[in-house]
Amino acid sequence: MSGGIPARGTRSLYIIDYGAGNLRSVQKAFEHVAVEARVGSDPREIATAPALVLPGVGAFGAAMKQLEDKGLIEPLLLRIEAGVPFLGVCLGLQLLFESSEEDPGVPGLGLVRGDVRALPPTAKVPHIGWNQVEVCRWSDLFDGIPDGSAFYFVHSYAVVPRSPGDVLAMTDYDGVTFVSAIETDNVAAVQFHPEKSSALGLRLYRNFARRAGLVTRP
Amino acid sequence: MLLKRIIPCLDVDRGRVVKGTNFVDIRDAGDPVELASRYDREGADEVVFLDITASHERRDTIIELARRCAEELFIPFTIGGGIRSEEDVRALLAAGADKVSVNSAAVRDPGLIATCARRYGSQCIVIAIDAKRTGPQAPGFPAGTAAPGDERPAEASRWEVYVDGGRVPAGLDVVEWAARAVALGAGEILLTSMDRDGTKDGYDLELTRAVSAAVNVPVIAGGGAGTLDHLAEVIESGGADAVLAASIFHYGEYTIRQAKEHLARRGIAVRL
């Protein structure tokens, strides 16, 4: 993976819609920080987008099936391989992995080695609410965001990367520590919802858009 | 660490914010989405909109409200009031609401909780309970009669569930109803003390404690906030995971930030 040069022609970030919920709030969050964003499920748009966002709520297996039925997996993998900045959000983080306990036997995108496991029943599940994100190493994604800042979570499963080097941030929930952000090359993803995390969430989206040179005002 | 939440509640009548005192005295306080955005900037963790006219008219106005909030608000929001069916829940979630709060309809048809939780997930189903203290008397039974299965001491406090905006007693015990709603799939309980609502005397700590102990989902305490200490007390001694308040914020007595700082000074983990 190399490059990261935005395609000519379009200056609009592309939010991949595979039929899992309302993506308007994600789009509006980018627009709020002066980043043009389109929502859709067009493989040709994916193939030319300067940056991609994969959001999502719902179940792992159903989401993979939707991506497959809409013919989005191959263009997505090709575009990521071409080095375009990619951001996964919530289920969009989990889909990057090889498999999930939520739907055993369904392969994920496999871009990150490791799997997705249910949060242990010792904690209240789903994990809902504002929780603190401890960033493990420097990344421009968290530029201007103080370590330990709170973001809004809603999930029942958490990712377990095989390589510690992929871990970008961790979060503690009632004594259960899980990976709340990952990053490898041009692929980044977060378990929380930046579009529901007020000013710092918007900041994170803006930081991501900046990677693709899509920030239009200072 | 999961943080305790402060949630301003906006009562909405035909698209405008109002706040009732004991459900009667009402004053106008502006555009709901603008007010909610201001609360977001001040540090509110969520916003709850309660449509007080939806039972009678214009479901479309709350769906429009959800759509506007999804576009302009960057914190989670809940919409409640007048939700009668699974179709109402679906329409609000599709319009962008993060959660819906169901009250009377869930009492009349508890199966609605299970249906919605299965279809949309427990995380977006909030059950709102309006609670009125009955003393030691078991709700729905003549004075001095023990309710079957109630193992609490005869002299213990009890509360009755009210529906239809607090007008109609439902004959249900609040603690039992909360536990049943959670067993059916409710993801949160929004608990309002009718005795305290609008009084500014503080939350009903005993009520909040009783419900918090009976369920394993977050309890949002509502009704009675008058000071910042009231917010802290219901978290510390009532076991609330979140506090709901309206008038202390609407009329500028305190800002959300002051409330957060007050809680933090008392050692409660909040988002500052």
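Residue numbers start from 1 in every chain, and the chains themselves are labelled A, B, ... in the order their sequence lines are given, proteins ahead of strands.
Counted within 6.0 Å of CZ on A:R44, heavy atoms from surrounding residues, nucleotides or ligands total 12 or fewer; the atom is thus considered open.
Residue contact with chain A, scored on non-hydrogen atoms closer than 4.5 Å, involves the backbone of B:A95 exclusively.
Summarising the geometry of B:L2 relative to A:I128, their closest heavy-atom pair is CD1-O, 3.7 Å, with the distance given to 0.1 Å.
Residues that satisfy the side-chain hydrogen bond (donor to acceptor under 3.5 Å, both in side chains) test with A:D166, not counting sequence neighbours, are absent from this structure. Considering only residues two or more places apart in sequence or on other chains, A:E101 meets the side-chain hydrogen bond (donor to acceptor under 3.5 Å, both in side chains) condition with none of them. Looking at residues two or more places apart in sequence or on another chain, you find no salt bridge (Lys or Arg N to Asp or Glu O under 4.0 Å) involving A:K70.
Interface check for chain A: of the options B:L3, B:L93, B:V217, the most heavy-atom pairs under 4.5 Å are formed by B:L3.
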Between chain B and chain A, which donor-acceptor pairs sit under 3.5 Å apart?
from: A:N22; atom 1: ND2; to: B:A94; atom 2: O; distance (Å): 2.8
from: A:R24; atom 1: NE; to: B:E71; atom 2: OE2; distance (Å): 2.5
from: A:R24; atom 1: NH2; to: B:E71; atom 2: OE2; distance (Å): 2.9
from: A:W130; atom 1: O; to: B:L3; atom 2: N; distance (Å): 2.9
from: A:W130; atom 1: NE1; to: B:D45; atom 2: O; distance (Å): 2.9
from: A:N131; atom 1: OD1; to: B:M1; atom 2: N; distance (Å): 2.8
from: A:Q132; atom 1: OE1; to: B:M1; atom 2: N; distance (Å): 3.4
from: A:D172; atom 1: O; to: B:M1; atom 2: N; distance (Å): 3.2
from: A:K196; atom 1: NZ; to: B:D98; atom 2: OD1; distance (Å): 3.4
from: A:K196; atom 1: NZ; to: B:D98; atom 2: OD2; distance (Å): 3.0
from: A:S197; atom 1: N; to: B:F74; atom 2: O; distance (Å): 3.3
from: A:S198; atom 1: N; to: B:F74; atom 2: O; distance (Å): 2.7
from: A:S198; atom 1: OG; to: B:D40; atom 2: OD1; distance (Å): 2.5

